[in-house]
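Have a look at the structure below before the remarks.
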There are 2 protein chains.
Amino acid sequence: MRQYETFELTFSGSAPRDQWAAIDLEATFTCGQKTTAVKGFYDGGGQYKVRFLPEEPGEYFWQVSGAVSAEGRETCVPAQGSHGPVRASGAHFQYADGTPFLPFGTTVYALASQDDALVDKTIAALKNAPFNKIRMCVFPKHYDYNHNDPPCYPFEKRLDGSWNTGKPNTAFWQRLEAILDRIGALDIQIDLILFHPYDRWGFASLPQKDNLQYLDYLLRRLSAKPYIWWSLANEYDLCGSKTLSDWEEIEEFVAVNDPCRHLLSSHNCFCFWDFSRKHVSHCSIQTKALTEIPRWLLRYQKPVIIDECCYEGDLPHAWGSISGREMAYRFWRCVCSGGYCTHGETFLSDDDVLWWARGGSLKGESPRRIAFLRKILESLPGPLEPWITGWSGLGLLTPEQIKEKLEGGYTPGDFTCLALVSIQRMQPDDRAVHLASEHMWRARCGEEAFLQFFGIQTSAECVFDLPKDKRYRVELIDVWEMTRTVQLEHASGSVQVCLPGREGMAVLITREK
Amino acid sequence: MRQYETFELTFSGSAPRDQWAAIDLEATFTCGQKTTAVKGFYDGGGQYKVRFLPEEPGEYFWQVSGAVSAEGRETCVPAQGSHGPVRASGAHFQYADGTPFLPFGTTVYALASQDDALVDKTIAALKNAPFNKIRMCVFPKHYDYNHNDPPCYPFEKRLDGSWNTGKPNTAFWQRLEAILDRIGALDIQIDLILFHPYDRWGFASLPQKDNLQYLDYLLRRLSAKPYIWWSLANEYDLCGSKTLSDWEEIEEFVAVNDPCRHLLSSHNCFCFWDFSRKHVSHCSIQTKALTEIPRWLLRYQKPVIIDECCYEGDLPHAWGSISGREMAYRFWRCVCSGGYCTHGETFLSDDDVLWWARGGSLKGESPRRIAFLRKILESLPGPLEPWITGWSGLGLLTPEQIKEKLEGGYTPGDFTCLALVSIQRMQPDDRAVHLASEHMWRARCGEEAFLQFFGIQTSAECVFDLPKDKRYRVELIDVWEMTRTVQLEHASGSVQVCLPGREGMAVLITREK
């Protein structure tokens with residue numbers, strides 16, 4: 001048994017009779033004062049398994065009961081290289097051992113539903129890609145550029161053709177796990193999508209009791225995987241067969257039946273899942289409105305990942321036809337707003353294999369730039385929070401703060417107060433879009449580092465107001481050419497920085513030691 | 001007297017004594033059953049003038065009374081080349097004679113406050129530019145990159161140093177008019193800004209009665225100019241010395257005292273002027289949220305001009321540092337949303353002369369592209385209206401229309417209805433920014449022409465659903481390279497168009513005759 005690695009017990013027994021999903025198989029793992037209860041599962045061929053993810057090293061006593069009875073002792077040795085599952089920490093993430101985790105994700109929705117050759121090719125591509133998180137579905141996907149049947153299905157069928165969630169197809173689950181484990185071994189977190197609406201097989205419209213039975217089996221198998229995150233759905237709001245209360249029940253079921261309390265969220269098409277709910281660990285958002293990240297950070301006080309913001313590619317669809325440059329810019333925009341971003345690639349292809357849907361190889365120009373950004377971000381002394389200054393922050397003031405500002409009195413030339421008064425008078429929809437347009441892509445790590453992305457701004461100069469009692473190095477970054485040029489050293493207070501007057505520039509300011 | 005041209009009567013008399021703004025000098029011009037009353041003004045040196053803009057040819061009888069008494073007859077000959085003042089017509093503009101006017105404006109705020117050499121240079125530049133409208137101020141402007149004193153001031157000063165609006169400086173007004181007339185002679189409409197907040201001389205904080213006296217004199221002098229539009233203010237909401245009711249009084253005063261009923265609007269920094277007010281002819285908007293144009297067209301049922309959407313240049317400020325490409329794109333975005341756009345240029349310069357502020361010469365890359373777009377637009381059989389299809393129009397549905405759509409019933413796979421339900425549930429600010437991001441830059445001229453700008457979309461193909469009973473030519477346009485390539489002829493119904501997979505493309509579809 002190793003800290004932060006899946007510990008598995010296997011027992012032989014007679015196969016369950018009518019169904020083998022919700023079997024009676026429980027285990028407890030006790031280390032010192034702490035006992036963790038987990039459920040086991042039937043893996044076919046007379047094999048029963050119990051999995052457990054130890055988070056503390058030490059002496060464990062385990063006890064299995066139900067379909068199998070057994071007990072034993074294990075010494076859990078301290079982690080060597082493993083960091084444990086990722087958790088939310090404020091507006092950011094870290095592994096269980098405290099190591100920061102900065103998500104730079106990609107998307108291969110139906111990876112697990114492709115044939116082995118394509119899966120191999122995709123995993124090989126992931127090995128050389130800058131991504132440390134992947135969004136992928138359990139169920140196959142039926143959508144444009146993605147109509148193939150999967151190699152196998154998660155359940156057996158009843159005679160009437162409906163899916164029997166009580167009889168999981170263990171071949172499917174073993175194959176899925178093998179894929180997940182290979183990806184996990186690349187230090188890539190798996191944001192596993194439990195439901196989605198793009199379906200022709202019936203998985204999107206199972207009865208709710210079957211949804212829960214499916215989840216029960218899945219949780220028994222996968223909860224002990226250190227790399228797993230739960231995404232209740234891709235575009236939960238387009239799943240016409242489930243009501244909001246179905247979703248809430250699903251959320252509760254996953255949270256309660258996951259002994260490891262993995263990260264949990266749900267992904268929207270339009271209306272966000274309510275990220276303020278207690279079991280939700282982070283905001284998993286589809287949007288192009290990246291300007292709103294500071295507002296959402298303030299609202300939810302949880303990490304914000306823009307898990308879909310359009311894909312690099314050339315599809316007819318607006319969501320699948322941004323340039324590599326734009327994809328890279330969106331990563332910069334998210335990061336320089338205190339959030340995170342997820343990649344996807346949708347290039348029309350003769351073989352009908354699009355990365356975002358099925359995997360294959362990466363063809364775009366953004367991954368190199370995302371790697372460049374990731375390296376910069378990982379070099380900073382801590383995570384970034386929005387750096388709110390001037391008019392770009394007017395939309396974040398509370399009514400009380402506004403009142404206070406205005407009661408302070410103002411003179412005719414006090415344009416900030418006049419702006420506030422005017423903003424209050426705007427029609428709400430006009431105000432929302434206007435405030436969005438005032439956003440600046442600026443983030444900071446306390447007074448240790450400041451990062452501004454200028455995006456499409458073509459300024460030839462800019463001014464930063466830095467703390468006067470500290471000294472900084474100011475670097476000019478070309479986010480597309482991936483160059484870094486030191487512009488100033490020992491900078492302090494108000495500093496003017498020369499910019500080249502073209503798009504795609506960033507300025508990184510780091511405190512000198 | 002010529003139709004659509006300023007007719008001027010000059011009389012000599014003794015100079016007024018204490019003040020010469022609100023003098024008693026009235027005139028009537030009668031043609032057939034129609035009598036128009038105008039007021040005259042004192043132009044210094046014992047000269048009294050009365051100006052009139054005849055809109056109908058015919059026999060006129062005029063009568064002047066007050067400081068001067070006279071009467072006479074004039075034959076007004078039909079226009080030869082002049083089209084008269086521009087009026088709003090639905091969501092678009094046309095000259096008084098019905099000729100369409102498609103505004104392609106620029107901005108030189110303090111043009112009239114520059115020395116003669118710079119004014120000459122600016123007018124020479126305008127002669128070769130694609131702009132047919134200019135935004136400029138009466139008063140000098142004090143702001144970044146624009147701190148010079150004007151050659152002369154509009155009023156005399158009292159002994160205490162305050163401006164005496166009762167004593168206009170006729171040299172100022174004669175000079176201003178000469179500049180306006182030279183620009184008007186280039187077939188450029190003048191969107192004359194009557195007030196603005198960027199001031200160190202006191203013109204932004206005159207007492208309200210002085211504001212009205214200033215306007216009275218200005219209207220007597222300039223109302224008969226065919227090329228004039230009234231912009232009550234630039235950024236009225238940042239004018240800290242005027243209340244909303246001051247502004248309403250100003251609006252009313254201008255409208256009532258302008259016998260020619262010139263176009264009238266007021267320009268915001270944040271909250272729009274209420275364009276639904278009866279005297280307001282069109283929406284003069286500052287915004288970067290160009291996606292909202294169809295919503296505003298629907299709300300106000302008046303033409304929408306985005307009179308400030310950032311400027312091509314390299315200033316530190318976000319509003320003054322977009323590329324020429326982005327400026328050109330914004331023109332395309334406005335036009336392909338049913339609105340119009342205004343240009344400005346803000347390049348840092350050794351001589352401190354920035355086009356947007358003071359004039360000089362144009363240095364940017366957008367004017368050529370704006371010329372290219374203007375030519376295309378003027379070749380269409382009529383003005384463009386938003387072309388609303390699919391999800392891009394969900395934000396424009398009324399609550400009743402939404403109810404109707406949803407009551408029609410929907411199936412789980414009916415994603416449009418699911419989207420509508422989800423959108424209804426969104427928090428209002430999230431909904432506003434989300435719907436904005438669904439906007440497509442698509443406009444149409446009935447079934448005669450369709451124009452889509454793909455902006456940053458890099459699609460390699462797209463599909464258009466055209467009327468099945470008509471035939472169309474489909475052209476691919478590179479808005480930056482300014483190329484037009486016919487892709488299809490005799491197209492009808494659902495047509496697939498190949499795109500080059502790069503940014504900045506547009507498709508123009510015109511009906512074949």
Side-chain angles (χ1 to χ4, degrees), chain A residues 197 204-205 237-241 268-272 287-289 291-292 295 313-318 321-323 326 348 410-415 418-419 421-438 440 454 456-463 499 501-503, chain B residues 197 204-205 237-241 268-272 287-289 291-292 295 313-318 321-323 326 348 410-415 418-419 421-438 440 454 456-463 499 501-503:
Chain A
S205 52
D237 49 339
L238 297 192
C239 294
S241 297
N268 62 294
C269 185
F270 292 93
C271 185
F272 298 166
T287 193
K288 296 163 211 140
T291 54
E292 307 309 289
R295 192 161 59 76
D314 59 7
L315 300 192
H317 313 283
S321 54
I322 61 170
S323 66
E326 179 65 21
L348 291 167
Y410 62 96
T411 56
D414 182 350
F415 291 131
L418 289 164
V421 171
S422 185
I423 288 167
Q424 299 308 304
R425 286 179 44 238
M426 295 180 89
Q427 300 206 15
D429 40 6
D430 293 352
R431 182 166 52 227
V433 292
H434 187 101
L435 290 172
S437 77
E438 293 288 334
M440 293 175 75
F454 287 85
I456 63 165
Q457 252 188 273
T458 51
S459 301
E461 61 186 36
C462 66
V463 172
L499 298 167
R502 61 172 193 271
E503 296 188 0
Chain B
S205 52
D237 48 339
L238 296 193
C239 295
S241 298
N268 62 293
C269 184
F270 292 92
C271 185
F272 298 167
T287 193
K288 295 162 212 141
T291 53
E292 307 308 289
R295 194 161 57 77
D314 59 6
L315 300 193
H317 314 283
S321 54
I322 61 170
S323 67
E326 179 64 22
L348 290 168
Y410 61 96
T411 56
D414 182 350
F415 291 131
L418 288 165
V421 171
S422 185
I423 289 167
Q424 299 308 303
R425 287 178 44 239
M426 295 180 90
Q427 300 207 16
D429 40 7
D430 292 352
R431 182 164 54 227
V433 292
H434 187 101
L435 290 172
S437 78
E438 291 289 333
M440 295 176 73
F454 287 84
I456 62 164
Q457 251 187 274
T458 52
S459 301
E461 59 185 40
C462 66
V463 172
L499 297 168
R502 61 172 192 271
E503 296 190 359

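Numbered from 1 within each chain, the chains take letters A, B, ... in sequence-line order. In what follows, every heavy atom counts, from backbone to side chain, and hydrogens, waters and symmetry copies are set aside. Since we're looking at a predicted model, the values are computed, not measured.
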Closest non-hydrogen contact found for B:Ala460 with A:Leu348 is CB-CD1, 3.9 Å
Cut-off 4.5 Å, heavy atoms of chain A, and the answer for B:Gln427 is side chain
* To do: Could you tell me whether the side chain of A:Ser321 reaches within less than 4.5 Å of the side chain of B:Phe454, counting heavy atoms only?
  => no
Query raised in the report: Hey, are the side chains of A:Met426 and B:Asn268 touching, using non-hydrogen atoms and a 4.5 Å cut-off?
Result: no
The interface call for B:Gln457 against chain A, heavy-atom contacts under 4.5 Å, is both
Rounded to the nearest 0.5 Å, the CZ atom of B:Phe272 sits from the OG atom of A:Ser422 at a distance of 10.0 Å
Ranking A:Gly501, A:Ala436, A:Ser323 by heavy-atom pairs under 4.5 Å to chain B gives rank one to A:Ser323
When the 4.5 angstrom heavy-atom criterion is applied to B:Ala419 and chain A, the contacting part is both
Okay, B:Glu461 and chain A: the region with an atom under 4.5 Å from a heavy atom over there is both
In this structure, CZ of B:Arg295 is separated from CG of A:Asp430 (nearest 0.5 Å) by 4.5 Å
In terms of heavy-atom pairs under 4.5 Å with chain B, the winner among A:Glu326, A:His317, A:Glu292 is A:Glu292
Most contact-rich option vs chain A, by heavy-atom pairs under 4.5 angstrom, among B:Gln424, B:Met440, B:Glu438, B:Arg431, is B:Glu438
Heavy-atom nearest pair, B:Leu418 first then A:Asp237, reads CB-O, 3.9 Å
Honestly, the part of A:Ala318 sitting under 4.5 Å from a heavy atom of chain B is both
Smallest heavy-atom separation, A:Ala432 atom then B:Val433 atom, equals O-CG1, 3.8 Å
Tightest non-hydrogen contact, residues B:Phe270 and A:His434, listed as CD2-NE2, 3.1 Å
Whatever's closer than 4.5 Å to a heavy atom in chain A on B:Arg502 counts as neither
Distance col, row B:Asp314:CG vs A:Cys462:SG, nearest 0.5 angstrom, shows 12.0 Å
Under 3.5 Å: donor-acceptor pair, side chain of B:Ser459, backbone of A:Leu315: yes
